[in-house]
Amino acid sequence: MPAQKIETGHNDVVHDVAMDYYGKRLATASSDTTIKIIGVSSSGGGQQQHLATLSGHQGPVWQVAWAHPKFGSILASCSYDGRVIIWKENPAAPNDWSQAHLFTDHKSSVNSISWAPHDLGLCLACGSSDGNISVFTARSDGSWETARIDQAHPVGVTSVSWAPATAPGALVASSGILDPPVQKLASGGCDNTVKVWKLYNGSWKMDCFPALQMHSDWVRDVAWAPNLGLPKSTIASASQDGTVVIWTVGKEGDQWEGKVLNDFKTPAWRVSWSLTGNILAVADGNNSVTLWKEAVDGEWQQVTTVEP
């Protein structure tokens, strides 16, 4: 599919773009305080159409994230204003969006949001400059339950990412009984570290000792790879120091091991895995996006560059 340029209609910097589950709509987040929903079509010359503008934030919007469609048409957004907004599309009136919920738990910028795997229910993790991570879970009566990881990264949380709900190797359990879903999170922060958190008996505890430390500057993004029956867990982290590190661990309780994927010599902003978890996209400060794949010998090789 050829690259297509999309006019967002924003009048300031666009910080995030998220494609919905079916690849039909984009949500964009901007410093102009709005979110735009854009319809994209891969056929017919790549037509696009502006579907909606969502207004409700009072500062730059950093990230947007679509929930799984089994919960309906739902979008979450987070902003410099400290707010997290859950937006819902009216099932009876397409492109008619309203605020379904507003969270004001954080006292400063909320920098990152991530929906849990849908097996865990409608559940959103948020990382903030106040140092805390909050996890909001929807109850059946429409209210939300809040859990917190206080001072996860005391100088500020920059990114959060959920682990897949299936533990590595769980699909091949000899008993034939599937393990309960895994509830784990990775986070990155201004303390230059990556941390892993696990839900134990209703409260979140750190699950890696010590914190994962190979970066010499802020961790800008973390992304937990999907595992399709692979025997290990994998997290990618991107840093202001220019490096991307691939962290892996075998079984529960083992130590995480880090390996530098590449030094980009410019800040590495975002990392994103393909759906199969075998290709990693990296966006860096030179406005380039590169795709990387792990070779049979365990070394990472650049597959291609996406031209800006």
Stepwise side chain to side chain contact (heavy atoms under 4.5 Å, CB included) check, Thr146 with Asp105: CA-CA 9 Å; Thr146 305; Asp105 301 52; 3.7 Å; yes
Side chain to side chain contact (heavy atoms under 4.5 Å, CB included) evaluation trace for Ile38 with Leu51: CA-CA 5 Å; Ile38 300 158; Leu51 302 176; over 6 Å; no
From CA spacing to verdict: side chain to side chain contact (heavy atoms under 4.5 Å, CB included), Gln301, Trp292: CA-CA 5 Å; Gln301 296 169 345; Trp292 300 79; 5.7 Å; no
Evaluation steps, side-chain hydrogen bond (donor to acceptor under 3.5 Å, both in side chains), between Trp62 and Ser112: CA-CA 7 Å; Trp62 300 132; Ser112 179; over 6 Å; no
Evaluation steps, side-chain hydrogen bond (donor to acceptor under 3.5 Å, both in side chains), between Ser128 and Asp130: CA-CA 5 Å; Ser128 168; Asp130 62 14; 3.1 Å; yes
Residue pair Ser187, His153: steps toward the side-chain hydrogen bond (donor to acceptor under 3.5 Å, both in side chains) verdict: CA-CA 8 Å; Ser187 63; His153 298 265; 2.7 Å; yes
Worked verdict on Lys232 versus Thr248 for side-chain hydrogen bond (donor to acceptor under 3.5 Å, both in side chains): CA-CA 7 Å; Lys232 60 184 180 185; Thr248 54; 5.5 Å; no
Cys126 vs Ser134, side chain to side chain contact (heavy atoms under 4.5 Å, CB included): CA-CA, chis, key distance, verdict: CA-CA 5 Å; Cys126 314; Ser134 53; 3.5 Å; yes
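The shortest distance between side-chain heavy atoms of Phe264 and Val282 falls below 4.5 Å. Annotation: side chain of Lys24 is not in contact with side chain of Val40 (no heavy-atom distance under 4.5 Å). Side-chain contact between Leu185 and Ile133 is present, with heavy atoms from C-beta onward closer than 4.5 Å. Residues Thr33 and Gln58 form no side-chain contact, since every pair of their non-hydrogen atoms from C-beta on lies 4.5 Å or further apart. Residues Trp66 and Trp115 fail the side-chain proximity criterion, which asks for heavy atoms closer than 4.5 Å. Trp144 places a side-chain heavy atom less than 4.5 Å from the side chain of Leu122. The shortest distance between side-chain heavy atoms of Leu124 and Ile86 falls below 4.5 Å. In this structure, Ile35 and Leu75 have side chains that are in contact, with non-hydrogen atoms separated by less than 4.5 Å.
The two residues Gly56 and Gln99 come nearest to each other via the heavy atoms CA-NE2, 3.6 Å. Considering every non-hydrogen atom in both Ser77 and Val61, the closest pair reads CB-CG1, 4.1 Å. Minimum heavy-atom separation, Pro226 to Ser274: CG-O, 3.5 Å. Minimum interatomic distance between Cys123 and Val135 (heavy atoms only, all atoms of both residues): SG-CG1, 3.5 Å.
Linking ILVMFWY residues whenever their side-chain heavy atoms come closer than 4.5 Å, directly or via other members, leaves Met19 and Ile37 in distinct clusters. Trp197 and Trp162 end up in the same hydrophobic cluster when Ile, Leu, Val, Met, Phe, Trp and Tyr side chains are linked at under 4.5 Å. Linking Ile, Leu, Val, Met, Phe, Trp and Tyr whenever their side-chain heavy atoms come within less than 4.5 Å leaves Trp273 and Val160 in two separate clusters. Under the 4.5 Å side-chain heavy-atom criterion for Ile, Leu, Val, Met, Phe, Trp and Tyr, Val14 and Leu26 are members of the same hydrophobic cluster. In the hydrophobic clustering of ILVMFWY residues, with side-chain heavy atoms under 4.5 Å counting as a link, Leu199 and Ile149 come out together.
With sequence neighbours left out, the salt bridge (Lys or Arg N to Asp or Glu O under 4.0 Å) criterion links Arg25 to Asp20, Glu89. By the salt bridge (Lys or Arg N to Asp or Glu O under 4.0 Å) test, Lys184 pairs with Asp207, Glu252, sequence neighbours left out. Partners of Asp221 according to the side-chain contact (heavy atoms from CB on, under 4.5 Å) rule, which considers only residues two or more places apart in sequence or in another chain, are Ser159, Ala238, Arg270, Val271. Residues satisfying the salt bridge (Lys or Arg N to Asp or Glu O under 4.0 Å) criterion with Lys293, sequence neighbours excluded, are absent altogether. Looking at residues two or more places apart in sequence or on another chain, you find a salt bridge (Lys or Arg N to Asp or Glu O under 4.0 Å) between Asp150 and Arg148.
At least one donor-acceptor pair under 3.5 Å links the side chain of His68 to the backbone N or O of Lys70. Of the possible donor and acceptor atoms, one in the side chain of His50 sits under 3.5 Å from a partner among the backbone N and O of Ala52. Remark: side-chain polar atoms of Thr243 are not paired, donor with acceptor, to backbone N or O of Asp263 under 3.5 angstrom. Distance alone, capped at 3.5 Å, is enough to place a donor-acceptor pair between the Asp241 side chain and the Ser216 backbone. A distance-only check finds no donor-acceptor pair linking the side chain of Asp284 to the backbone of Val289 [under 3.5 Å]. No donor-acceptor distance shorter than 3.5 angstrom exists from the side chain of Asp119 to the backbone of Ala165, with no hydrogens or angles considered. Side chain of Asp16 to main chain of Val64: a donor-acceptor pair is present (N/O by atom type, distance under 3.5 Å, no hydrogens or angles). Side-chain atoms of Gln48 come within 3.5 Å of backbone N or O of Glu7 as a donor-acceptor pair.
A 6.0 Å sphere centred on CG of Asp297 holds more than 12 heavy atoms belonging to other residues, nucleotides or ligands. No more than 12 heavy atoms of other residues, nucleotides or ligands sit less than 6.0 Å from atom NZ of Lys88. No more than 12 heavy atoms of other residues, nucleotides or ligands lie within 6.0 Å of CD in Glu257, so this atom counts as exposed by the packing criterion. No more than 12 heavy atoms of other residues, nucleotides or ligands sit less than 6.0 Å from atom CG of Leu275. Crowding of Phe136 atom CZ: a count of heavy atoms from other residues, nucleotides or ligands under 6.0 Å exceeding 12.
If you check the side chains of Ser109 and His106, you find no donor sitting under 3.5 Å from an acceptor. Side chain to side chain, Gln151 and Asn132 meet the donor-acceptor criterion of an N or O pair below 3.5 Å. A donor-acceptor pair shorter than 3.5 Å can be found between the side chains of Ser203 and Lys205. Side-chain polar atoms of Ser79 and Arg83 form no donor-acceptor pair below 3.5 angstrom. Looking at His215 and Thr193, their side chains never bring a donor and an acceptor atom within 3.5 Å of each other.
Once rounded to the nearest 0.5 Å, the distance linking CD of Gln240 with CZ of Arg220 reads 4.5 Å.
Between Phe71 and His118, the ring centre distance reaches or exceeds 6.0 Å.
Thr8 pairs in a side chain to side chain contact (heavy atoms under 4.5 Å, CB included) with only one of the listed residues (Asp32, Thr34, Thr28), which is Thr28.
Applying the 4.5 Å side-chain rule to ILVMFWY residues, one finds Val194, Val196, Leu212, Met214, Val219, Val222, Trp224, Ile235, Val245, Val249, Trp256, Val260 in the same cluster as Trp247.
At a threshold of 4.0 Å, the pair Lys259-Glu294 does not count as salt-bridged, since none of the basic side-chain nitrogens sits closer than that to a carboxylate oxygen.
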